[in-house]
Amino acid sequence: MGSWPDDQIMLHVAGRSRVALIGHTAVSADNLARLAERTGDVSALDTALADMAGSCHVIADLGGRQRVQGTASGVRRVFHAELDGHVVAADRADVLGWLIGAELNRRAVALSLLDPMCPHPLDDVPMWQGVTALPADRFLLVEASGRASAIRWWRPPDPVLPLREGARRLATALSDAVRCRLPGTETASCDLSGGLDSMAVTFLAARGQSKLIAYTACALDPADDDLLWADRAIVELPGVVHDVLPRDQLPLPYDGIAGADDTLDEPSAGVIDRAKLLTGYRRMAAHGSQVHLTGHGGDEVLVGAPSHLHTMLRTHPLRAVDMFRGFRARTRWPLLPSMVTALRAQPYSSWLSSSGVRLAGGNSRLRLIDLEWDVPPTLPPWVTPDAHALIRESFAAIAGTAAPLASTRGRHTDLSAIRGRARLVRSLGQLVAPSGTAVAAPFLDDRVIEACQSVRPHERANPWRHKPLIREAMRGIVPARLQARNGKVDRSADEEAGIRANRGHLLVLCEGSHLADLGFVDTGQLRAALRYSTSPDRLHEPLQQTVACELWLRASMGADAPPAVHP
């Protein structure tokens with residue numbers, strides 16, 4: 001059961017067989033009926049759904065067996081728990097937690113303080129005891145007997161395609177992903193930041209029949225040229241309305257946190273930008289937008305990780321050395337340590353174990369994280385020994401058994417980055433749901449991810465060219481002169497201004513802190529760190545995770561009613 005717009009649920013019922021698709025999909029009612037009628041077993045749906053465009057949950061009951069699955073990226077998740085001897089599944093962990101009367105999972109709270117994120121598989125620990133998160137690449141199978149198991153349904157394709165062929169696949173997949181969000185939508189909106197990713201989505205959306213609003217939010221940094229490139233794009237998009245949030249109306253990071261009571265099912269660092277996000281989505285809702293298309297996920301699917309060099313040095317050493325020179329020129333890696341890191345054959349479980357040991361190493365940015373299995377997490381100085389001990393125990397519990405998301409270091413890093421972005425997009429959808437405008441991230445659709453992952457890493461992760469895959473895919477769709485942009489300024493000026501303007505509100509969070517009550521945070525050290533700093537420790541960065549966790553605890557703890565979930 002649930003509450004969805006009529007155009008986001010498709011159901012086929014024939015006798016005792018049922019198949020439902022919930023979300024955005026290009027599958028028609030007739031196609032769904034044929035699919036259900038020729039498939040007598042839920043395990044056989046893998047082949048039937050392999051080419052389905054869009055992003056949706058799949059729920060099937062065939063032959064007395066039930067299947068529940070989300071998407072490969074994790075934008076759509078599945079959680080399950082046991083209630084009175086029966087398996088219950090949901091797309092939100094907090095709903096299940098409330099339903100079974102679960103207690104807070106202290107270990108998960110401690111893990112959410114890691115900066116910048118918790119590594120796989122610890123990132124799948126729900127915030128509630130008794131609730132299990134289904135891995136994104138698995139579906140929940142419930143037998144007629146009631147026994148439940150997790151079955152793998154998705155694997156990334158082999159990266160064997162040349163850039164041009166992969167770009168053709170990407171163009172088709174991304175076009176389908178955008179198109180399937182628009183039927184029945186009178187007004188849609190999209191981000192137009194002037195970057196290659198949002199530009200691609202905007203030009204594809206402009207091909208549809210819906211009225212389209214392109215939204216650009218200016219940054220504080222006077223060097224930010226988003227509006228310049230967005231204006232150049234609008235000239236090529238007759239009929240598209242351009243809504244610009246001026247620089248002097250821009251909400252800052254941490255604005256409005258004093259009254260934040262957003263209902264999320266896990267802490268999300270994106271909440272520090274809640275005022276800016278809500279402003280944008282409310283503006284789009286005022287225009288009548290039913291769905292807002294974003295470029296989220298573009299960076300993660302289009303650009304391969306430098307850690308692909310680890311495999312490439314063994315299979316194509318000359319090519320790897322050339323790419324190593326390019327990455328090193330761009331990132332200023334120290335020569336000898338970077339070579340050692342790239343060549344070292346370290347199993348993932350060993351890397352994870354050593355990361356757990358190094359947690360107290362501070363927030364140093366000198367480590368060669370681009371060449372490791374993933375970004376090694378760190379803990380800020382205000383995290384107490386009690387929280388530190390829980391986190392160490394969590395790492396130790398999976399030492400020697402944890403398997404990576406893929407067999408090679410580069411592919412694991414790519415998939416981890418995709419899942420991390422999907423987690424942020426999922427929380428964003430929950431955050432802005434009250435506005436009435438739904439979030440859509442076409443780059444994180446399964447077929448789009450597969451198209452990108454099928455391209456040979458040395459052509460996708462090219463240090464000499466900026467996002468060559470999307471440039472090639474959008475040839476003839478986005479004008480060539482608009483693809484000349486090679487980068488964007490960061491948002492550090494916005495964050496600095498936000499911390500300075502809201503330091504008083506941040507200090508208030510230290511009073512009666514739930515994290516302090518749990519024994520996880522030393523509020524004295526936290527108060528001392530509540531200021532923007534350009535020093536090497538950069539304590540304002542892990543502050544995001546701590547504030548997100550504190551706000552989540554305040555909104556979630558002690559609730560007697562079910563979570564206020566919006567359709």
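All values below come from the heavy atoms of this structure, side chains included, with hydrogens, waters and symmetry mates left out.
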> Do any N or O atoms from the side chain of R274 and from the backbone of I257 form a donor-acceptor pair under 3.5 angstrom?
Replying inline: no

> Which value, rounded to the nearest 0.5 Å, describes the distance between H308 atom NE2 and T408 atom OG1?
Replying inline: 6.5 Å

> Between the side chains of S307 and R409, does any donor sit under 3.5 Å from an acceptor?
Replying inline: no

> Does the side chain of S112 pick up a donor-acceptor pair with the side chain of E266 at under 3.5 Å?
Replying inline: no

>> Checking S189 now: which residues fulfil side-chain hydrogen bond (donor to acceptor under 3.5 Å, both in side chains) with it, not counting sequence neighbours?
In response: S289, H292

> Ion pair present between K467 and D299, side-chain N to carboxylate O less than 4.0 angstrom?
Replying inline: yes

> So D94 and M127, side-chain contact (heavy atoms from CB on, under 4.5 Å) or not? Walk me through it.
Replying inline: CA-CA 8 Å; D94 54 350; M127 305 300 289; over 6 Å; no

> Got a salt bridge between D322 and R319, using NZ or NE/NH1/NH2 to carboxylate O under 4.0 Å?
Replying inline: no

> Would R465 and E472 count as a salt bridge (charged side-chain N to carboxylate O under 4.0 Å, His left out) if you check the C-alpha gap in whole Å, the side-chain angles of each, and the deciding distance to 0.1 Å?
Replying inline: CA-CA 12 Å; R465 297 179 62 193; E472 182 66 29; 5.4 Å; no

> With the threshold set at 4.0 Å, does a side-chain nitrogen-carboxylate oxygen contact exist between R485 and D226?
Replying inline: yes

>> Could you measure the distance from the CG atom of L174 to the CZ atom of F443? Nearest 0.5 Å is fine.
In response: 5.0 Å

> Can any side-chain N or O of Q290 pair as donor or acceptor with the backbone N or O of A438 at less than 3.5 Å?
Replying inline: no

> Is there a donor in the side chain of H242 and an acceptor in the side chain of T216, or the other way round, less than 3.5 Å apart?
Replying inline: yes

>> Test your reading of the model: is there a side-chain donor-acceptor pair from S268 to the backbone of A548, 3.5 Å cut-off?
In response: no

> What do the steps show when you test S55 against T71 for side-chain hydrogen bond (donor to acceptor under 3.5 Å, both in side chains), and what is the final call?
Replying inline: CA-CA 7 Å; S55 172; T71 56; 4.8 Å; no

> Roughly how far, to the nearest 0.5 Å, is the CZ atom of R500 from the CG atom of L506?
Replying inline: 13.0 Å

Listed pairs under 3.5 Å, donor-acceptor, residues 119-126 side chains, sequence neighbours left out:
residue : atom : partner : partner atom : Å
H120    : NE2  : A403    : O            : 3.1
D124    : OD1  : R77     : NH1          : 3.2
D124    : OD1  : R77     : NH2          : 3.2

>> How long is the straight-line distance from OG of S416 back to CH2 of W373, given to the nearest 0.5 Å?
In response: 11.0 Å

> Within the side chain of R460, is there an N or O that forms a donor-acceptor pair under 3.5 Å with the backbone of C452?
Replying inline: yes

